[in-house]
Amino acid sequence: MTEKNTKTTEYKYLKLNELQANTTVNVFGVVKFARPPTKTRGSDFSMVLSIIDPSLHENDQKLKCLLFHREKDKLPFLDVGKIVRLHRLKITQFHGDLQGQSGPGFSWLAFDEDKESPTRPVSSSSNFTFTEADINRVKELREWVASRDDLQQPNKTCFADMVPQQYYDVYCQVLATCVLEENVGFLLRVWDGTKPMNPVREFDISAADLVVDKRQDLLDVAGNLALDVALYDDHYTTGKNIKPGQYIKLNNLHAAKFHSADTRPELSELPMIELVIHRGTAYGRGVHLINNDFVGLKTLKERLEKVSEEEVEMEVSCDLPSQSQSHKSRPHEETDQSDSQMSQTIARCDVPNNKNIAKDLKISRSSRHINHYFCPECSKDSQCEMEYIFMMRFLLSDSTGELVANVWRRDAVTFFQDITPVEMFTESVLCNLVKKGLGAISTPSGPWFECCVKSYRTLSGVRYQIFDTCLV
DNA sequence: GTTTAGGGTTGG
């Protein structure tokens, strides 16, 4: 570029409603639609871009632009709502409409639409003019973008935002791939660190004859946040070239309602959805590989990192069943106020062994295959597998005093309305119910709740246990 | 200083 030292060069920018055919212009615009670069049958990559500004946006008006470049990375990767500055854009007439095209000397700058973001642009060239006037124009357009609902949501969508029957653009990381039907259907198992509200159709990719490519380490970390996306027809080949570990953008992903006999209505009244990229390229439909260093991946990567670090505290213990059961039951009812609570999930195994061992374990998020633990005290040959149980302790208080009461095992499952510890790990919907329930009763001035408490005597004194109580 | 492609009203 020769722009570097030409201080006298002052670029004149036209509003989008001032353009005329067969001219070359400089414009600012807001991205209304962008199809990422794809290889043409010629020598270049091409992309389609639609831009609008306050002068041209009503009645679905926009300026369609067609950009070419020999290198894919020299074309802008854009999301809806981003702001672009285009220099030396050729305006032509095509099918009765004005159209922008990259010509000789064409260059672009792209700006984040967030008001808080720095005004530093991403550019096609290393040398570019960038003046105070440019900054002001970007700020103006940011204000305008912020006032328009249709321009700010799409590129911030995550799986958790999805509602049945809608279409979305989502950034995510690929965990595994699998051929569903040769040349027709291709599966991407992905995650973005969030979980949709609705249950999502899951494919069984365990069959021996399936062509599966996977990153087990990522699958383990993603656990129940892994989601299946089915690509059809046009997108089959794109899918085949994607490797687990890579980041992608799914364009026009359909959260279609899925009708199946296997849905578990008792676990959720929400309809099951299936995530699909349908055939064709309407609405920019497609799957696009994203460079690892693309700035737009920042939010996703931060979220994945945070989720990956989440661990569940677990205690492992073996104890003597006869001792823990030998209590004298004296049930009575009390109305108590829960003051604080702690909860833990315990892997437990009953063995005829006098020792009580307790070890802290950290388990990572996992799901489809929950971790199995074997008792560290039992002989290696017996392979005594431990069972997941709930173990909670409440500090209860009312006007007459305080007492500490435990809930565990079957009573704890009853307490959570039949959610088992394993289900709590595997079903995020249920996990959230448990968290929500515990959160509701553990506020400093927690609500009153009615519970059945029985007392029993142990060698070290009287203990209390909650039973036959249900958190509602 | 060519050519490429030129968004499209939504299944599995």
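The chains referred to below are lettered A, B, ... by the order of the sequence lines, with proteins before strands, and numbering in each begins at 1.
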Open item on the list: Would you say the base of dG8(B) stacks on Tyr283(A) (centre-to-centre below 5.5 Å, plane angle below 30°)?
Closed with: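 Check failed, Tyr283(A) does not stack on base of dG8(B).
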Open item on the list: Determine whether the aromatic ring of Tyr232(A) stacks with the base of dG12(B), defined as ring centroids separated by less than 5.5 Å and ring planes inclined by less than 30°.
Closed with: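 Yes, Tyr232(A) stacks on the base of dG12(B), since the ring centres sit under 5.5 Å apart and the planes are within 30°.
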Open item on the list: Check the phosphate of dG8(B) against Thr281(A), side-chain N and O only, distance under 4.0 Å to OP1 or OP2. Yes or no?
Closed with: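 Indeed, a polar side-chain atom of Thr281(A) lies that close.
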Task: Phosphate OP1/OP2 of dG8(B): any Arg285(A) side-chain N/O under 4.0 Å - done: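 For dG8(B), OP1/OP2 do not have a side-chain N/O of Arg285(A) under 4.0 Å.
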Using whole Å, what does the distance between atom [atom2] of nucleotide [N] and atom [atom1] of [X] come to?
X	N	atom1	atom2	result
His69(A)	dT4(B)	NE2	P	18 Å
Asn252(A)	dT10(B)	CG	P	11 Å
Gln99(A)	dT4(B)	CD	C1'	13 Å
Glu274(A)	dT10(B)	CD	P	17 Å
Asp228(A)	dG12(B)	CG	P	16 Å
Leu275(A)	dG12(B)	CG	C1'	13 Å
Ile277(A)	dG12(B)	CD1	P	14 Å
Gln165(A)	dG12(B)	CD	P	9 Å

Side chain of [X] (C-beta onward), nearest among [options]:
X	options	result
Phe68(A)	dT2(B), dA5(B), dG7(B)	dA5(B)
Thr40(A)	dG12(B), dG7(B), dT4(B)	dT4(B)
Ser43(A)	dG6(B), dG7(B), dT3(B)	dT3(B)
Ala256(A)	dT10(B), dG12(B), dG7(B)	dG12(B)

Task: Side chain proximity check, Val190(A) to Leu175(A), heavy atoms < 4.5 angstrom - done: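 No; the side chains remain at least 4.5 Å from each other.
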Checking all strands, does [X] fall into the base, sugar-phosphate, or nothing category for heavy-atom contacts under 4.0 angstrom?
X	value
Arg201(A)	nothing
Ala282(A)	sugar-phosphate
His278(A)	base
Lys64(A)	base
Gln101(A)	base
Phe45(A)	nothing

TODO: Could you list by number each residue of residues 49-62 of chain A showing a heavy-atom separation from DNA chain B of less than 4.0 Å, or answer none if no residue does?
DONE: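 Result for residues 49-62 of chain A: Ser50(A), Lys62(A), sorted by number.
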- [ ] Measure distances between side-chain N and O atoms of Ser46(A) and base N and O atoms of dT4(B), and say whether any donor-acceptor pair falls under 3.5 Å.
- [x]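 No, the side chain and the base share no sub-3.5 Å donor-acceptor pair.
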Open item on the list: Under 3.5 Å, is there any donor-acceptor pair linking the side chain of Arg41(A) to the base of dT3(B)?
Closed with: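 Between dT3(B) and Arg41(A), which were checked side chain against base, a qualifying N/O pair under 3.5 Å is absent.
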Task: Parallel, tilted or perpendicular: ring planes of Phe294(A) versus Tyr171(A), cut at 30 and 60 degrees - done: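 Geometry flag for Tyr171(A) against Phe294(A): tilted rings.
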Open item on the list: Parallel, tilted or perpendicular: which one describes the rings of Tyr236(A) and Phe186(A), with boundaries at 30° and 60°?
Closed with: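 The rings of Tyr236(A) and Phe186(A) stand perpendicular, inter-plane angle above 60°.
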TODO: Kindly state whether the ring of Tyr13(A) and the ring of His87(A) have centres lying under 6.0 angstrom apart.
DONE: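 Ring centroids of Tyr13(A) and His87(A) are less than 6.0 Å from each other.
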- [ ] Taking the six-membered ring for Trp and the full ring for Phe, Tyr or His, determine whether the centres of His69(A) and Trp108(A) are under 6.0 Å apart.
- [x]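 Judged by ring-centre distance (under 6.0 Å), His69(A) and Trp108(A) do not meet the cut-off.
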Open item on the list: When you measure from the side chain of Arg35(A) to the backbone of Ser46(A), do you find a donor-acceptor pair of N or O atoms at a distance under 3.5 Å?
Closed with: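 No; judged by distance alone, with no hydrogens or angles, the pair does not exist.
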Open item on the list: Test your reading of the model: is there a side-chain donor-acceptor pair from Asp192(A) to the backbone of Phe159(A), 3.5 Å cut-off?
Closed with: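 Checked: pair present.
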Open item on the list: Tell me every residue that passes ring pair (Phe, Tyr, Trp, His ring centres under 6.0 Å) with Phe416(A), counting only those two or more places apart in sequence or in another chain.
Closed with: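 Counting only residues at least two positions away or on another chain, Phe416(A) forms a ring pair (Phe, Tyr, Trp, His ring centres under 6.0 Å) with Phe390(A).
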TODO: Is it possible for you to check whether Lys301(A) lies under 6.0 Å from the centre of the six-membered ring of Tyr247(A), through NZ or CZ, and within 45° of that ring's axis?
DONE: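 That pair qualifies as a cation-pi contact.
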